Amino acid sequence: MSEKKFYYFDNNATTQVAPEVIEAMLPYLRDLWGNPSSAYKFANEIHKGVEKAREKVAALINADPKEVVFTSCGTESNNAAIHSALATQPNKRHLVTTAVEHSANINYGEYLQKQGYEVTYLPVDSEGLLDLKEVERAIRPDTAMVSVMYANNETGVVFPIKEIAAICKAKGVLCHTDAVQVPGKLKLDVRDLGVDFLSLSAHKLHAPKGVGMLYVKRRTKFQPYIIGGHQERGRRGGTENVASIIGFGRAAELAMERLQEENTRVRALRDRLENTILTTIPHTFRNGAREPRLPNTCNIAFDFVEAEAVLLLLDQVNICASSGSACTTGSLDPSHVLMAMGLSPMRARGSVRFSLGIYNTEEDVDYLLRHLPGIIKKLRDISPLNPDHPDNVNYDVEAARVKHEQDLAEAMSKES
Ligand SMILES: *Cc1c(COP(=O)(O)O)cnc(C)c1O
């Protein structure tokens with residue numbers, strides 16, 4: 001068995017482009033490079049390819065192809081949905097979202113607040129779950145849209161979007177969901193869900209970066225976010241990213257075919273990884289509800305260590321994982337998702353996300369489980385917080401924890 005170059009456990013950050021997707025794209029890079037909007041036969045063939053891809057992406061979410069708007073990424077899709085809701089209802093200046101959204105929504109919400117809009121960030125409980133009553137209570141007469149993610153990228157926790165969409169419908173409020181983490185992991189059906197808008201991003205489902213889509217339900221008023229040419233039926237200006245759109249279409253087909261495998265084989269790999277960590281490494285905790293949860297995601301708190309140090313040592317043995325936080329390495333900000341769940345800053349900063357995918361094998365998990373316990377032990381042996389350390393008999397863990405958090409708070413206030 002040859003050693004792999006990398007052991008990749010970061011599929012919620014991005015995914016390997018599937019060989020089948022590359023195959024489908026190549027003709028559109030090499031030969032079919034024309035502008036799909038041009039009038040000659042050469043362009044017509046390319047236009048047909050784009051429309052075929054649109055049908056495939058529409059089939060993935062059970063939409064009509066006319067309801068699919070290709071964008072540049074998941075972030076743009078989220079921004080465009082919220083922007084449209086506010087632009088088409090100028091008298092409604094309130095947005096409801098959650099405290100655990102992707103930064104695409106959190107930071108757009110903060111931007112809107114600076115523009116004078118009001119934003120409600122719904123809280124979650126310690127398991128990362130939403131209370132539907134809170135959703136209902138948050139909606140006001142001036143609420144333009146409720147935007148709630150389908151599945152959390154850090155913990156994998158799944159929100160009850162169908163129920164949220166029903167509440168929105170009863171109150172006459174537009175409903176958007178960021179479903180970027182869902183394709184290939186859970187079945188997606190916009191008709192069954194009843195949402196007005198839904199975002200996807202191709203690079204999270206084994207297609208290239210730089211292409212996304214926004215589902216806009218038929219007859220929903222829409223104000224484009226990118227204003228320009230007549231592409232995408234006037235809903236998104238800019239020449240289509242043809243090859244990547246073709247790849248997105250192929251990836252959508254593969255995601256549907258592989259849904260079963262993700263929920264059996266990949267789920268079993270994730271469960272084995274998670275259960276082994278929790279039962280063999282002391283002072284570890286799962287972050288987020290066990291269910292309902294994506295089958296590929298596992299987020300673990302390792303008390304008395306810094307996640308950044310764990311990731312550095314994992315990287316030395318070519319294992320790719322990430323800390324819950326989307327922030328840059330070295331920043332002292334703990335994950336906003338884990339903080340919203342009420343974790344202490346110390347526990348949030350000791351949390352690591354492992355997100356598996358269709359290309360992970362039993363051997364990958366064995367390899368990770370061979371290296372992880374030693375790495376945690378090594379770091380705990382030098383941690384002033386570790387109650388099991390031989391130098392730390394009679395050691396006041398609680399006092400050390402409080403001091404550690406004070407130090408952190410001080411360092412964070414200096415940083416900002
Ligand atoms: C990755 C991700 C995004 C952003 O998608 P991009 O295509 O990278 O802009 C948005 N929401 C969630 C939940 C994500 O995981």
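Remember, predicted model here, so these are calculated numbers, not experimental data. We count ligands from 1, going down the list as the structure has it; atoms in each ligand are counted the same way.
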Does [X] have any side-chain hydrogen bond (donor to acceptor under 3.5 Å, both in side chains) partners at least two apart in sequence or in another chain, and if so, which?
| X | result |
| --- | --- |
| Thr14 | His203, Lys209 |
| Thr361 | Glu363, Asp364 |
| Glu136 | none |

Output block, N or O contacts of ligand 1, threshold 3.5 Å exclusive:
| residue | atom | partner | partner atom | Å |
| --- | --- | --- | --- | --- |
| ligand 1 | 7 (O) | Gly74 | N | 2.8 |
| ligand 1 | 7 (O) | Ser201 | OG | 2.6 |
| ligand 1 | 7 (O) | His203 | NE2 | 3.4 |
| ligand 1 | 8 (O) | His203 | NE2 | 2.9 |
| ligand 1 | 9 (O) | Gly74 | N | 3.4 |
| ligand 1 | 9 (O) | Thr75 | N | 2.9 |
| ligand 1 | 9 (O) | Thr75 | OG1 | 2.6 |
| ligand 1 | 11 (N) | Asp178 | OD1 | 3.3 |
| ligand 1 | 11 (N) | Asp178 | OD2 | 2.6 |
| ligand 1 | 15 (O) | Gln181 | NE2 | 2.7 |
| ligand 1 | 15 (O) | Lys204 | NZ | 2.8 |

With a 3.5 Å distance limit and no angle check, can you tell me whether Ser355 reaches the backbone of Asn11 through a side-chain donor-acceptor pair? yes
Please check: side-chain N/O of Asn153 versus main-chain N/O of Asn12, any donor-acceptor pairing under 3.5 Å? no
Verify ring-ring contact (aromatic ring centres under 6.0 Å, His included) between His283 and Phe304, making sure each step is shown before the conclusion. CA-CA 8 Å; His283 310 297; Phe304 321 122; 5.0 Å; yes
